[in-house]
Every structure is written in C-alpha cells, then in structure tokens.
Amino acid sequence: MHETYDPKIIEPKWQETWEKQGLYKTVEDLDRPKWYALTMFVYPSGDIHAGHWYAFIPSDVSARWRRMNGYNVFFPVGFDAFGLPAENAAIKRGIHPKAWTYSNIAKMRFQLKRMGAMWAWDREVITCDPEYYKWTQWFFLKFYENDLAYREYAPVDWCPSCNTTLAREQVWGDDRHCERCRTPVIKKNLEQWKFRITRYADALLAGLTDMDWPERVKLMQNNWIGKSSGAEIYFNTEQGDTLTVFTTRPETAWGATFMVLSPEHPLVAKLTPSAQQETVRAYQEQAARQDEMTRKSTDKEITGVFTGGYAINPVNGERIPIWIADYVLMGYGTGAIMAVPAHDSRDFAFAKRFALPIRCVVRPPGRTGDDVATLSCPDRPTGGLCSLPPAGGLDEAYESKTEGVMVNSGDLNGTPVAEAFQKAVTWLESKGKGKPAVSFRLRDWLISRQRMWGAPIPIVYCASCGIVPVPQEALPVVLPDDAEFRPTGESPLKYHKGFRFVKCPRCGANAERETDTMDTFMCSSWYQYAYLSPYYKKGESLTAQNTSPWDPAIGQYWLPVDQYTGGIEHATMHLLYTRFFTKALHDMGIVHFDEPMRRLFNQGMILGPDGEKMSKSRGNVINPDSVVNEYGTDTVRGYMMFIGPWDQGGPWDPSAIDGISRFLQRTWNLILDHIHREQLANTPPMPHPDQVNLLEQTMHQTIIKITEGMSAFRFNTVIAHLMEFSNTLLKMKSTSVVYATAWGDALRNFILLMAPLFPHISEELWHRLGNTESVHLQKWPQADVNKAKMDRTTVVVQINSRVRSQMTAPLGMSDHAIEQQALELSAIKKWLENKRIRKVIVVPDRLINIVTD
RNA sequence: GCGAGAGUGGCGGAAUGGCAGACGCACCAGACUUAGGAUCUGGCGGGUAACUCCGUGGGGGUUCAACUCCCCCCUCUCGCACCA
C-alpha cells in the first residue's frame, strides 16, 4: 500500500503555498466578467463556532465554482467590530473595548484562515478602525446635508439592559424585547437622531418586485413596510379645528358614529371642556404608564374615555362624540380615526363596551333593507341613540369589502361595496372633504445609541449656532483611548471632558459634542463598498471634492454585489437598511445602481447537538476546532455541506463526519493507485469499448448533475453525486478500463469537480497527477451532452399503475415498439391472462402503463 | 387572529406528476486478521413461508399514474400583531 491521506500535512502546506503565491489576491481584470460574492461579515466575539463554518464554507464553494467558470471573483472578508459586547467586557474586566476587539480579531483571523476559503484578505476591513468610521461619519454628514438625517424629541424604545435606545426594527416579538439581549424594552421621551427611511418606503417596496431574493425575505420586508391605501377625511371639531383621519374604508364614512383619538393627540386638550379635563388627563397618564410596562396586546381590556368634545362628520353633517383610547396609536396614520363600529371589529368592540351607536352602512347579502337600517348597541337597554331593534342586529362587525350593498350612505346608496371605495374617494375629493392617501407601517430609523463603542455622530451643539455638523476635513471624530468604563449604564463619552467639550467649528465659542454614537447597522450598511478600496484616502483630510468613500473606478468594475449570502435574522434590519442606504446613495449620485445586492441566499441555522439554538447559556455551542484537528479542514467542509439543504440548517451531529472522511480516503487511494499503475508501464491489456463508453457516460452525467447542483446551492446532493461517481470508479478499478485514456480523463475531471468543495486534497492530488498549475486556476469541466446519453435505457412496465416488470430498450424507441416488447414479457403475459387491455400509456424511454378492465 | 414554510425508514436526507427511500450514518451478516472503533463484500421501510400486500402527518379529490397538483383538518417552526 502507498502512503495514507494525511490532511495534517497537506492542508497547512497548501494554505501556506496559496498565500505565498497570492492565489486569492484580488485584481481588477477588465477582460474577465466580474463576480462579487459577498457573505455577511463577522462580529469579533472571540471565537469561531460551527455557525460560522456553516455560513462561510458553502459561500466559499460557490465563489470557487464561479472562479472555475471563468469569472474574476471578489470574495472579501472583514469584521463588524463595533458593538456592545466589547463594552460589556470592558466594564467587566477593565480592558478598553479596542484592546478586547483587536485581540479577538487576531484570534479569529487565524481560525478563519483554517477554513481554507478563497478570501481576499488583501481587502479586509474593520469597522472600528478610525479610517473606516471616518467614512461612516462622512455618510452621516451626507445624509444630513440631503435632509435625510434629523433630530427629534419623541417617545422611543429603550432597552434597560443595554442602556440605549433601539430602532423599531430591533424590537422583536409580542413582548417587545430587545433583539440583542431579549430584555423587554420600555418607552422613553428622548431627543434622538433619525434617518428618513420612510421617504424611501415606496421605493423600497417597488424595488422588491424584480429582485432575485428569497420570497420569504421579500414578504417580510413587504409586511414590515406595510403599505396600505385609503383616504384622508377631514372632520371638524366644534372649536373649528380640522381633525384629519386616515382610513382604508372611506366608503363607510356614513357609518362613523364617533371618533377616537390617540391619548397623545395634540388636539385633545383643546377640544376637552373643563368638566371632562380631570378624567381625560387621568386617562392620558394611565396610557403613558401603560407604555412603560410590558404590554401584551392579546388579552388587554378595552379602555377609553369620552373627551366631552364633538366633531362634525363631513359626509352627513352629524355631530359625533370624540373619545380617546389607547388602541389608536399616535405613530400610525394621523393618530385619529373615524370609528365605524358596524364594519370594523375593533370599533365594534369599543362601541359595545361603551354603549355607542352602531349604524350599518353595508347591507350584508341576504338581509332586507329594514332590519339593518338602524342597529344599536345591544348592551344599552334605553336611550334615544341606542334603542334595541326588534330583530336582526349584527352580532359582530361586517367587514367584507367584496359582498354587500351600501345603505344609509347618501349618494352611495345602492352601490355594491366593491365599487363604493372608488366612488367615495371621488365624492370626497370633489367636495374637498378628503383625498386618496397611503399610510406605511415603517418608521424612521433611529440611529442614536447611548453607548461608547460605536462611530461618534459628527455633530457639535453650539449655544449660538445650534446644530453644527463637524466639517469633512475634521473627520474622523475619534473615540478617546482613555475613556473610563463604569457600570453606570451611561456612555463614558459623556464623562470624557476632552471629548465632550470643544469649540464650535463655526463660531469658535465653547460648545459640546454629541456624545451618542451611531447604530452599528450604519457601519454594515456600506461595508460592501468599503471592501473595494479599504481605507480609501487613508490619512488624508477630506475636502468637499471627495464624493466617494471608495475608488470610483474600482467600484465601477465590481458593483453591485452579484451574490449575497447570510442569515435570515437580518431580513428587516441590515437587509432593509443597506437597501435604503443604496437608494439614498443613488439619489446623491454616489452609486450608479439602486439595489445593493442582486441575488440573496439565506442559509439555515446550525443547531446544537440537542437540536436547540446554540447559545452560551444552554452550553451547546460547538467550536469545530477539535474536529478540524482530528479530521482536517476538507472533511469538516464536506460534513457541513452534507448535513442537508443549505437553507435548512440542522443539528450538529459529528457521527456523520465518518462518511465524508471515508469518501476522501477512498478518493485518495483511487488516485494514488492510478499513479502507481502508470509508473509500472507494462504493456496494458485492451480495455473493453463498452466499459469505456459506460465510464464516459457516467462522467458526463456526473458533470451535468454537479454543475446544476452548484448553481442551485444544493451542495448536499453535489456531494452525493460525487460519492456515486466515486463508487462507480471504485467498481471499475479492477477492470481493464483503467488502461483507457478515458480513465485518466475521468480521474482528472473528478478532481476538478471536487476542487471547490475540498480545495486541499484536490490540489494535492492534482499536483501528484503531474500538474504544476493550481487546480483552482483550472476550467470547470464541460459536459458533452451526447456522450452523457445512454444508447439503451430501462423502461418500467406497469399494469394498472403497478410495477410488474422492466426491460431494456434502445433510446428513442417508438411507443408502438415499446408496447410490442412489453407484451412479450412473460411476467406481463401472466398478468394479462383473461384481461382486456383498455388503454396503454407510454412515456418514451421511461415507462409503459397497461390499463386493463 | 393574519401571513409564510415544513412534516418521507432507527437517523440526516433524495426524488417536483412516471420504479418512494439516491447518497451517507447507525445496525446486521460475512471476508481478511493475534486483534479491530481499520479495510473490503453483502444486507437493511413494515407485514408475510411465499405469491404478493401495505407504506411519504390525517381525511377527501383530480389523474392511466400523486411525496409531488387541488380542497379540508392536525402538528411543528418562523414573521407580524389593536396599523384604522
């Protein structure tokens, strides 16, 4: 026997060689088509775990495959290095977040290199480098200049554990918890910086249509943006103020029997008469307190109070009461609604609870005109407005927009409800009482964070000049190295005199710096561009002439990203923000496209051996180092991809590693046997032509299947097909076919097909076969479709859809001939005795089904 | 409550209208061996002595033919949740 496969020797050897040769160095080669393959960069937590392998290995395989297909591939890597864990470590252990972060990066860089990926380390970026965040700050200034950044005092979400505000996207779940630490958030009134992402709501929605992204992500973004079309209707208070409401059902305006305002609505105080002021103020306070508690929306009881004020319904001139209630949110629409209890379940419940009138304006099918003409609150036994009708009231709101006819609605009477929306909007508009309007669920992006380890917001507050942006040439605003970390829950920047107290850049008077830093999603919104020319204009002062944070010529070549891969958890955070960024950049003339990533693929999550999400608290976090030490990188790479479909994820089960390990072992032996045989150089026996044909056929079929699998990210079946091919080759090994030139071709192609998945063993075997150029610079094997075709095929013979026999037949045999041959089979004759053939179905080259009575 | 996805041997999974279980793990038997947690050969959904029958969460339907398409239900996972 020859030497055994020893990854411990060959893997470090090739990793060193590749680095020395600069095999993965990026070059801008205009003669070759480019492929920008991007995978979500790393947070430097300190350790690479199984999840990183699961995310990166298939991305690398795909990038390598593109490279072998003639593309000039850019596959960069870097670190998303700002964030709270560094600060927490600083508080706990007294080291500066910078020291913690950079030592983690050094460690992780080493671990990442063991993956044997084709990363462009020459373009690495680290977002906490001042020369990186100089440009993050530059973007802030650009957004500010273009009226996309503003400062606002408003209720915001605050995480009491992270001690900072959060963007709406970072508040998750029904208990409204912090996305990072799972602590329920509370409301606080604070002055904060926000980005006008809502200005791009329509564009973000429209852009989704023709993007090659998973439907699931598109749907999540779609729902998150939450566009609804309807109308604004102008009500007037008795004091003469206009109360604008947003509704998706303007046609039901004739059924509005009261109005509800959000407790925070600015007109509440004015329209409340003094007699009601105590009650109203008490309710407002209660609602504000409610916000500070964890709110479960499901079993919340219905609350609200009458303000004592009235409004005039503009469609019919009716005087209707104005209530306030916490089910109306200030942040959505106009913070005021017209309540149509007959046709909205929430308004119906509210009307029932507080004995308010219910008037049907859409007659459900099957009802007569009269029994629904005046419905009232069933809970209220007496009273002018609410007398109980003799029969036929509604038990619940009738919400159909498609079936029913308008009643009690003036000019709309008799109109089918399906047509009433348009008619109502036209009517309102012609009378100046309303107009079409859309509303979005999306809120502006809150980017202020009360934390130290982030990019400082480049703003100075001056008593006389007000908000003053730091001039471009003064960037970066650098984080101090001597900040003190105390567990006070407040940013050390606030207590750092040297950082905080500065001169106004405009007038030179004493002024104060903004001490909040930017959301780290700012840093990751543009990192795909930073990779192009990392630390562009390093050490230089920026001037007004600098209009791009990367070398525009390089950007012109590589952008946009061709394939992005990463986890689904960023669907409505990073992936939304970076799209917004790019659209804004496009409008500023900085980029030539308005979507950052053409294609997206979401890998699944790798779970702990217990089938649960990996987490420190569960103690089920797997670090693959020990498995890599035992089996080698190539085996672990293969195992990662063989778990199942990449988008599915699954539990870590190292017992399955042996399968890959044995496969690589057998492959090694197969090639070394061949080399050994060649060296003997005997007079070889003539290989049988049938065997040669079969070998070539299998090879070409394998090339086809593997190529398809590669383009569809089906790496688990790619490996299965490699194994099948290997099994065939092993069976043929003991026949004379090994003396055919086709045998050598098959082995060479086999290695080429393995190369993207198993880069080290492929390189070693490729060189042992006598090649001197890297296997990773070779062309992907091309299948010959004709040679992949079989001349004979197996046709399944069914009787009444049950398989009773099979036969071989030449390819392309006529239906009739197949039938004739099948009817001759003894196994079939047996089944057809005393039966009449009713029908025969032939699927050419595959199947015949004989249907009998 | 609304929306999306998933459910296939002991296990991971394959097959997108045409032979269910490719490929692998585990397991069983055999070979080689002083030995085997190595390697090689064979077996491996269930019932049955066999012919064969049953089998892709459950029920119904379309079709010569359904894991695959349609309808209803169950379970799990994820997203949203007073959004007017």
Side-chain angles (χ1 to χ4, degrees), chain A residues 1 4 172-174 176 214-224 226-228 230-231 245-250 252 259-260 262 295-298 300 302 325-329 331-340 343-347 349-350 439-443 568-569 571-572 604-605 638-639 642-645 647-651 653-663 665-666 669 705 714 716-727 730 794-806 830 838-852:
Chain A
M1 260 330 251
T4 51
W172 286 16
D174 56 356
R176 296 180 46 75
E215 283 308 313
R216 185 153 67 122
V217 176
K218 293 209 250 181
L219 194 71
M220 280 169 78
Q221 292 208 350
N222 202 341
N223 293 342
W224 189 261
K227 180 176 182 169
S228 36
V245 302
F246 172 76
T247 176
T248 54
R249 303 288 310 272
T252 63
M259 293 187 79
V260 187
S262 156
R295 289 204 296 190
K296 288 234 174 205
S297 49
T298 33
K300 243 187 79 201
I302 300 162
D326 62 4
Y327 83 92
V328 177
L329 311 172
Y332 184 78
T334 61
I337 62 158
M338 60 171 198
V340 185
H343 306 293
D344 180 284
S345 56
R346 291 154 305 177
D347 297 346
F350 194 83
S439 200
F440 294 94
R441 218 183 68 99
L442 184 71
R443 310 292 158 82
I568 186 87
E569 65 274 15
T572 55
M605 207 192 314
Y639 162 67
F642 201 49
I643 289 175
D647 53 358
Q648 214 172 286
D653 172 21
S655 70
I657 288 182
D658 285 328
I660 302 287
S661 176
R662 287 173 198 153
F663 163 67
Q665 199 70 245
R666 281 195 293 264
N669 293 336
K705 283 187 273 191
R714 306 275 295 176
N716 56 328
T717 54
V718 164
I719 292 182
H721 292 136
L722 280 172
M723 285 173 167
E724 271 181 293
F725 189 35
S726 147
N727 291 343
L730 286 166
T794 305
V795 174
V796 172
V797 185
Q798 295 183 332
I799 291 173
N800 294 329
S801 309
R802 292 182 177 274
V803 181
R804 295 304 180 194
S805 183
Q806 44 179 255
K830 182 179 84 185
R838 195 151 61 87
K839 197 173 181 182
V840 176
I841 290 117
V842 177
V843 182
D845 301 333
R846 300 188 80 162
L847 172 138
I848 171 167
N849 188 11
I850 302 161
V851 185
T852 66

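Since this is a predicted model, take the numbers as computed values, not measurements. The sequence lines fix the lettering, A, B, ..., with proteins before strands; numbering per chain opens at 1.
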Scoring nucleotides 61-70 of chain B by protein non-hydrogen atoms under 4.0 Å (B base, S sugar-phosphate only, - none) yields ---BS-----

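- Remark: the separation of the P atoms in B/G42 and B/C25 is 14 Å, to the nearest Å.
- Looking at heavy atoms from C-beta onward, A/Y332 lies out of side-chain contact with A/I337 at the 4.5 angstrom threshold.
- Glycosidic torsion of B/G9 falls within 90° of 0, placing the base in syn.
- When the P atom is used for both B/C64 and B/U16, the distance is 23 Å, rounded to whole Å.
- For A/W172, counting side-chain heavy atoms from C-beta on, the closest listed nucleotide (B/G12, B/A26, B/G79) is B/G79.
- Using a 4.0 Å heavy-atom cutoff across all strands shown, A/V840 reaches no nucleic acid atom at all.
- The separation of B/C19 from B/U68, taken at their P atoms, amounts to 14 Å, rounded to a whole angstrom.
- Taking atom C1' on both B/A81 and B/C74, the two are 24 Å apart, rounded to the nearest angstrom.
- A sub-4.0 Å separation between OP1 or OP2 of B/U39 and a side-chain N or O of A/Q665 is absent.
- Of all nucleotides listed (B/C78, B/C19, B/G13), B/C78 comes nearest to the side chain of A/R216.
- Among the nucleotides B/G12, B/C80, B/A14, the one closest to any side-chain atom of A/R714 is B/A14.
- Put simply, the residue from A/V842, A/V796, A/I799, A/V843 that forms a side-chain contact (heavy atoms from CB on, under 4.5 Å) with A/I848 is A/V842.
- Backbone-only contact: A/P645 has heavy atoms under 4.0 Å from sugar-phosphate atoms and none from a base.
- Annotation: side chain to side chain contact (heavy atoms under 4.5 Å, CB included) contacts of A/V851 (sequence neighbours excluded): A/N800, A/R838, A/K839, A/I841, A/N849.
- Using P as the reference atom, B/U62 and B/A29 are 49 Å apart when rounded to the nearest Å.
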Please enumerate all protein N or O atoms sitting under 3.5 Å from an N or O of nucleotides 51-54 of chain B, with distances to 0.1 Å.
residue, atom, partner, partner atom, Å
B/C53, OP1, A/R804, NH2, 3.2
B/C53, OP2, A/R804, NH1, 3.4
B/C54, OP2, A/R802, NH1, 3.2
B/C54, OP2, A/R802, NH2, 3.0

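- On the P atoms, B/U39 is 23 Å away from B/G45, given to the nearest whole Å.
- Within 6.0 Å of CZ in A/R216 there are 12 or fewer heavy atoms belonging to other residues, nucleotides or ligands.
- Nucleotides B/A14 and B/A20, compared at atom C1', are 10 Å apart to the nearest Å.
- At least one side-chain nitrogen or oxygen of A/S228 sits closer than 4.0 Å to the OP1 or OP2 atom of B/A84.
- Rounded to the nearest Å, the gap between the C1' atom of B/C69 and that of B/C78 is 26 Å.
- For the pair A/N727 and B/G24, the criterion of a side-chain N or O lying under 4.0 Å from OP1 or OP2 is met.
- Contact check, A/R441 against B/C82: no side-chain N or O comes under 4.0 Å of OP1 or OP2.
- Ring planes of A/F350 and A/Y327: tilted class, angle from 30 to 60°.
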